[in-house]
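Taking it in order: structure first as structure tokens, then the write-up.
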Number of protein chains: 2
Amino acid sequence: MTDAAEDALPERKRGSGVKLVYEMLRDEILTLALPPGKPIDEVHLAERFGMSRTPIREALVRLAGEGLVETLPNRSAIVANIDVLNLYTYFDAITLMYRVTTRLAGQYHRPEDLVTIRARQADYLRAVAAQDPLAMIAVNREFHAAIAEAGRNPYFTTLTLRLLDEGRRILRLYYQSFNDRLPQEYSDEHEAIIAAIAARDLDLCDRLARAHADQIVRQIQKFFGRDQRLDIAL
Amino acid sequence: MTDAAEDALPERKRGSGVKLVYEMLRDEILTLALPPGKPIDEVHLAERFGMSRTPIREALVRLAGEGLVETLPNRSAIVANIDVLNLYTYFDAITLMYRVTTRLAGQYHRPEDLVTIRARQADYLRAVAAQDPLAMIAVNREFHAAIAEAGRNPYFTTLTLRLLDEGRRILRLYYQSFNDRLPQEYSDEHEAIIAAIAARDLDLCDRLARAHADQIVRQIQKFFGRDQRLDIAL
DNA sequence: TGCATTTCTTTTGTCGACAACAATCCGCGG
DNA sequence: CCGCGGATTGTTGTCGACAAAAGAAATGCA
């Protein structure tokens with residue numbers, strides 16, 4: 001009876017099934033509603049969404065391609081685990097991507113990009129005002145995603161989006177352990193980054209992005225373990 | 001009758017079908033045997049490989065996830081196009097990944113990594129001796145892939161592998177236009193990189209990787225158009 | 001002849017079913 | 001009592017078939 005919402009919509013357009021399942025599962029994974037390591041039963045999902053196993057399977061393959069689920073041959077797929085041991089590789093990657101995408105945004109952004117970025121920052125402020133940790137995490141992702149898009153490098157954008165998604169899971173885990181105490185507020189840093197992008201000051205973009213990443217990383221590393229990142233002078 | 005090879009193997013193990021199709025298609029795309037923009041007919045592939053459409057479909061979804069094929073709703077999937085206009089974003093990305101992975105390899109490599117890397121360099125020398133452009137391109141990819149693996153950052157490794165694959169197509173296109181004149185030889189630069197990694201000289205790794213990337217980029221940019229990359233001082 | 005509309009063909013998206021494989025449970029022997 | 005082997009159950013991988021959607025062809029009208 002947990003699937004009353006799906007029962008109400010037996011009519012779907014051709015081709016919309018996979019997208020629906022993909023986005024739904026993805027969100028449940030990123031919010032930890034589906035905990036890491038949990039087996040995913042295809043037939044169970046099939047009847048939950050009221051469709052055949054084929055589109056469910058395709059959604060799972062796509063999620064596996066993004067590293068959000070792990071598939072074992074002839075065995076149930078599971079929600080991808082969060083590898084706490086190699087967390088420093090994550091921090092290395094997200095730090096570099098913050099720096100590069102912010103710098104590129106400073107260089108290649110167009111006026112409409114700034115509109116989008118400022119809108120995301122407004123969303124962030126709203127989430128802070130509402131004291132909603134989940135929304136703050138999700139909107140923080142959208143903020144940096146908008147910056148990455150403004151940088152207009154699809155390779156960097158793809159990796160950044162993947163890292164931001166993975167970050168949602170890590171942050172969620174982190175704050176869950178603190179009983180959902182409010183995340184630290186990054187509004188001021190965000191404002192400074194926006195200003196640097198608008199001014200097209202690339203070095204400042206770089207410095208601010210790095211400081212912003214360091215800030216978050218240090219906070220989480222304090223909880224999970226020591227910071228093993230390289231001090232890349234680059 | 002072009003599929004005599006597949007006919008000889010009607011027996012496949014359960015679960016091996018997708019992998020077979022995936023790897024075969026992938027290789028044909030990367031060698032430009034399947035030209036960019038070419039429509040991919042599922043039923044044609046199904047009878048070519050002697051299997052149902054289901055595993056072919058899964059392979060296509062995976063390839064789409066890597067950006068090697070583009071799927072249009074209710075229309076044939078096509079081999080992903082090479083976007084020459086935005087080529088500079090590719091060079092930006094591959095240059096940064098060369099630098100980062102080589103630096104990380106210098107820091108985190110283990111003895112067995114050097115064995116693998118040197119083996120790839122030996123393969124490269126063999127391909128040069130054999131005057132085989134296709135093999136040189138493919139083995140060059142393996143060389144840098146081995147370095148990326150030694151860096152032990154899965155996020156960077158994934159992006160680097162994707163860029164190297166895309167690079168196989170770009171290089172192939174480049175050399176094809178010169179009637180397969182032999183690619184320039186990079187043996188010396190490779191040797192220097194290996195030495196820097198072994199010596200764990202991170203700054204040297206960075207400089208050499210950057211110079212190596214610049215070398216290749218300049219060569220190709222001379223052909224496709226001017227170099228729009230940022231001069232990231234980082 | 002040219003254009004719009006309708007029919008037809010081709011190809012995809014989805015379905016239900018079946019077989020293979022893995023895990024579990026049960027019975028037997030030591 | 002405990003470990004081992006076989007049957008059983010549950011889940012995935014693959015198949016063939018059908019219907020929707022898009023493009024191509026054919027038809028009718030001006």
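By convention in this document, chain letters (A, B, ...) are assigned in the order of the sequence lines, proteins followed by strands, and residues within each chain are numbered from 1. Worth knowing before you read on, the calculation uses all heavy atoms, side chains too, and leaves out hydrogens, waters and symmetry mates.
Rounded to whole Å, the distance from NE2 on His44(B) to P on dT10(C) is 15 Å. If you take CG of Asn74(B) and P of dA24(D), they are 15 Å apart, rounded to a whole angstrom. For the pair Glu42(B) CD and dT12(C) P, the computed distance is 4 Å after rounding to whole Å. Regarding Leu72(B), its CG atom lies at a distance of 17 Å from the P atom of dA21(D), rounded to whole Å.
For Phe143(B), the ring pair (Phe, Tyr, Trp, His ring centres under 6.0 Å) partners two or more places apart in sequence, or in a different chain, are His190(B). Arg141(B) pairs by the side chain to side chain donor-acceptor pair (under 3.5 Å) definition with Asp165(B), not counting sequence neighbours. Partners of Asp83(A) by side chain to side chain donor-acceptor pair (under 3.5 Å), not counting sequence neighbours, listed by chain and number: Asn86(A). Applying the side chain to side chain donor-acceptor pair (under 3.5 Å) criterion to Arg75(A), with sequence neighbours excluded, gives no partner residue.
Each of Leu134(B), Val128(B), Asp123(B) was checked for a side-chain contact (heavy atoms from CB on, under 4.5 Å) with Val139(B), and the lone residue meeting it is Asp123(B).
Comparing dA22(D), dC21(C), dT12(C) by their nearest atom to the side chain of Ser76(B) picks out dT12(C).
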Considering only distance and modelled atom types, tabulate donor-acceptor pairs under 3.5 Å from the side chains of residues 60-70 of chain A, sequence neighbours left out.
unit_1, atom_1, unit_2, atom_2, d
Glu66(A), OE1, Tyr22(A), OH, 3.3
Glu66(A), OE1, Arg26(A), NH1, 2.8
Glu66(A), OE2, Tyr22(A), OH, 2.3

B/S/- along nucleotides 14-19 of chain C (protein heavy atoms under 4.0 Å) is BBBB-B
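Residues Asp41(A) and Arg75(B) each lie close to DNA chain D; by heavy-atom proximity, the contact nearer the 5' end of the strand is made by Asp41(A).
Among the atoms of the strands shown, none is found under 4.0 Å from any heavy atom of Ile56(B).
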